[in-house]
Amino acid sequence: MMNVAIMGYGTIGSGVAEVLEKNKEKIAKAAGQEIALKYVLDLREFPGNPIESKLIHDFSIIEQDPDVQIVVETMGGLKPAYAFVKACLLAGKHVVTSNKALVAAHGTELLEIAREKQRNFLFEASVGGGIPIIRPLSRCLMGEQIEAITGILNGTTNFILTKMDKEGWAFDAALKEAQRLGYAERNPEADVEGHDTCRKIAILTAMATGKEVNYEDIYTEGITRISATDFKYADKMGMSIKLAGASRMENGRVSAYVVPLMMNKEHPLYTVSDVFNGILVKGNMLGDSMFYGSGAGKLPTASAVAADIIDAAKHPDRNVAMGWSAEKQEISPMGANMFRYFIRVTGQPEERITELMAFGPREVVTLDKMDEFAIVSKPMHEYDFEEEVRRLDGVLKTIRVEL
Ligand code: HSE
């Protein structure tokens, strides 16, 4: 038998307790032994809850109990999660986490301690919720050179953008609904400003390159600038707008960014709607492979945590190679990347189109009764685009368009 402690009994932590109970037999069979929940650590009380008898408020009980072999961290954030997780690994326990902020900020060090201690630090649930993506990258695609990853990695923003796109909802109402459904982070800024996606693409890029990726090197833009009018233009062009976290690994150059991206109907991510996530991975031998599913929410995320618990239970005294090294991966500047650009300007096309020639317009779009129009540019390096757009008057909005 192996004992588990859950640190943080919020949405995900309570989901993990539920999965361990509901799938008890299946989990025991897969792990080759019973997996028992021994402690739940939380500051709060949960009167009448089935875990009440296991509830503790003092972390040192977990740290010092040699009968706890696997610790699940579902507290979120860095304080005190980082100190607790580090202490658990140093005490010779396996740690499973759903906390992308922790993995993106301290993954290198925590992976290193796990290797030294011959224990496992596992984080399948930190990216894509219930979608298998970390393990496929580290095992199934082990023989591939990963050339590109493009992901819709945040359920909350995808839910909001889908409501705006398909049902004309206002941004604030859609955000409130996402929070009510338990998708959003406590601080919605992490979702809507792209920080959550940034941590996730940093983790995926580190998995793909095998080197440490500093999330602060990743250019990040959220969705708060995107308006109903932008969606009207997108609709007219047969496109949608998604928040994409992407990385490209070509000819030794690695780029990574988080941006709202216009994509057309042929793009495999176009149909990824609502709270779902989708991750398109391009390998040099495999070509494209798409991972799709529930990217947020209590039980899907808890399901990924449960799989990591089983993995740890199956390798009690051995570190299974995964993750990345301490070598730092350089991320090339955003300006060196190439996109097409959607540019909304004031006026009418016949008055202004000559001013826009530097963008090599491939498409001109107008909306009824509006004293503005938009173009989609030729593919341009971001440096060149920025220089040209600075010279232009009456720019209302620019959005990158997938090449
Ligand atoms: N707030 C995150 C999302 C939760 O909406 O995707 C899962 O990481």
Side-chain angles (χ1 to χ4, degrees), residues 1-8 12-13 16-17 19-20 27-28 30-41 54 56 58-76 78 80-127 132-139 142 203 206-207 210-212 301-327:
M1 183 175 87
M2 281 220 170
N3 286 310
V4 172
I6 297 174
M7 304 194 294
I12 312 303
V16 174
V19 171
L20 288 179
I27 289 170
Q33 58 198 307
E34 190 192 335
I35 303 292
L37 179 59
K38 186 162 185 186
Y39 301 118
V40 172
L41 177 74
K54 300 171 182 185
I56 54 168
D58 177 3
F59 165 69
S60 66
I61 296 172
I62 294 174
E63 187 186 11
Q64 287 163 18
D65 186 340
D67 285 336
V68 172
Q69 295 91 352
I70 303 170
V71 179
V72 172
E73 185 275 304
T74 45
M75 291 187 281
L78 297 181
Y82 167 57
F84 287 5
V85 165
K86 189 172 170 178
C88 288
L89 288 169
L90 288 169
K93 299 175 195 306
H94 302 272
V95 175
V96 173
T97 183
S98 60
N99 184 344
K100 59 249 139 192
L102 175 71
V103 180
H106 298 290
T108 308
E109 182 192 6
L110 298 171
L111 282 163
E112 201 56 47
I113 298 172
R115 283 180 204 119
E116 275 165 21
K117 292 279 176 189
Q118 285 300 306
R119 294 294 181 266
N120 292 287
F121 175 60
L122 300 168
F123 44 89
E124 181 63 62
S126 67
V127 182
I133 183 64
I134 299 293
R135 199 165 277 105
L137 280 175
S138 74
R139 301 207 186 145
M142 228 188 288
I203 294 169
M207 292 297 302
K211 297 181 187 171
E212 178 181 68
T301 310
S303 160
V305 171
D308 277 351
I309 292 172
I310 294 167
D311 206 2
K314 288 176 82 168
H315 303 99
D317 302 312
R318 182 165 76 82
N319 176 264
V320 178
M322 79 91 86
W324 53 86
S325 73
E327 190 183 342

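For the numbers below, each heavy atom of this structure counts, side chains included, while hydrogens, waters and symmetry mates do not. Quantities reported herein were computed from a predicted structural model and do not represent experimental measurements.
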Just by distance, do the side chain of [X] and the backbone of [Y] share a donor-acceptor pair under 3.5 Å?
| X | Y | value |
| --- | --- | --- |
| Glu212 | Glu327 | no |
| Arg119 | Gly92 | yes |
| Lys54 | Leu37 | yes |
| Lys93 | Val68 | yes |
| Ser98 | Thr74 | no |

Could you measure the distance from the [atom1] atom of [X] to the [atom2] atom of [Y]? Nearest 0.5 Å is fine.
| X | Y | atom1 | atom2 | result |
| --- | --- | --- | --- | --- |
| Thr108 | Ile113 | OG1 | CD1 | 11.0 Å |
| Glu63 | Cys88 | CD | SG | 6.5 Å |
| Leu41 | Met7 | CG | CE | 7.0 Å |
| Ile6 | Leu20 | CD1 | CG | 5.5 Å |
| Thr301 | Ile12 | OG1 | CD1 | 4.0 Å |
| Ile27 | Met2 | CD1 | CE | 14.0 Å |

For residues [X] and [Y], determine if any side-chain heavy atom of one lies less than 4.5 Å from a side-chain heavy atom of the other.
| X | Y | answer |
| --- | --- | --- |
| Val305 | Val19 | no |
| Ser303 | Glu124 | no |
| Asn99 | Tyr82 | no |
| Ile309 | Val16 | yes |
| Val103 | Phe121 | yes |
| Leu122 | His94 | no |
| Thr97 | Val85 | no |

Point to revise | salt bridge (charged side-chain N to carboxylate O under 4.0 Å, His left out) contacts touching residues 105-118 (sequence neighbours left out) | key: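 Passing the test, one end in residues 105-118: Lys86-Glu109, Glu112-Arg115.
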
Check your understanding: So among Asp58, Asn3, Asp65, which one has a side-chain hydrogen bond (donor to acceptor under 3.5 Å, both in side chains) with Tyr39?
Key ->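 It is Asp65; the other options fail the test.
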
For [X] versus [Y], what's the shortest heavy-atom pair and its separation?
| X | Y | value |
| --- | --- | --- |
| Gln69 | Met1 | NE2-O, 4.2 Å |
| Glu34 | Ala28 | CA-CB, 4.1 Å |
| Asn319 | Gln118 | N-OE1, 3.0 Å |
| Ala31 | Ile35 | CB-CD1, 3.9 Å |
| Met207 | Ile134 | CE-O, 3.8 Å |
| Ile70 | Ala312 | CD1-CB, 4.0 Å |

Review point. Can you list the residues that meet the side chain to side chain donor-acceptor pair (under 3.5 Å) rule with Asp311, with sequence neighbours excluded?
Key: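 Scan of Asp311 (side chain to side chain donor-acceptor pair (under 3.5 Å), adjacent residues dropped) gives Arg135, Arg139, His315.
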
Review point. Listed by chain and number, what are the side chain to side chain donor-acceptor pair (under 3.5 Å) partners of Ser138, not counting sequence neighbours?
Key: none

Check your understanding: So which of Leu89, Val320, Leu111 actually passes side chain to side chain contact (heavy atoms under 4.5 Å, CB included) with Asn120?
Key -> Val320

Practice item. Under the side-chain contact (heavy atoms from CB on, under 4.5 Å) rule, what do Ile56 and Ile62 come out as? Steps first, then yes or no, please. Key: CA-CA 9 Å; Ile56 54 168; Ile62 294 174; 3.6 Å; yes

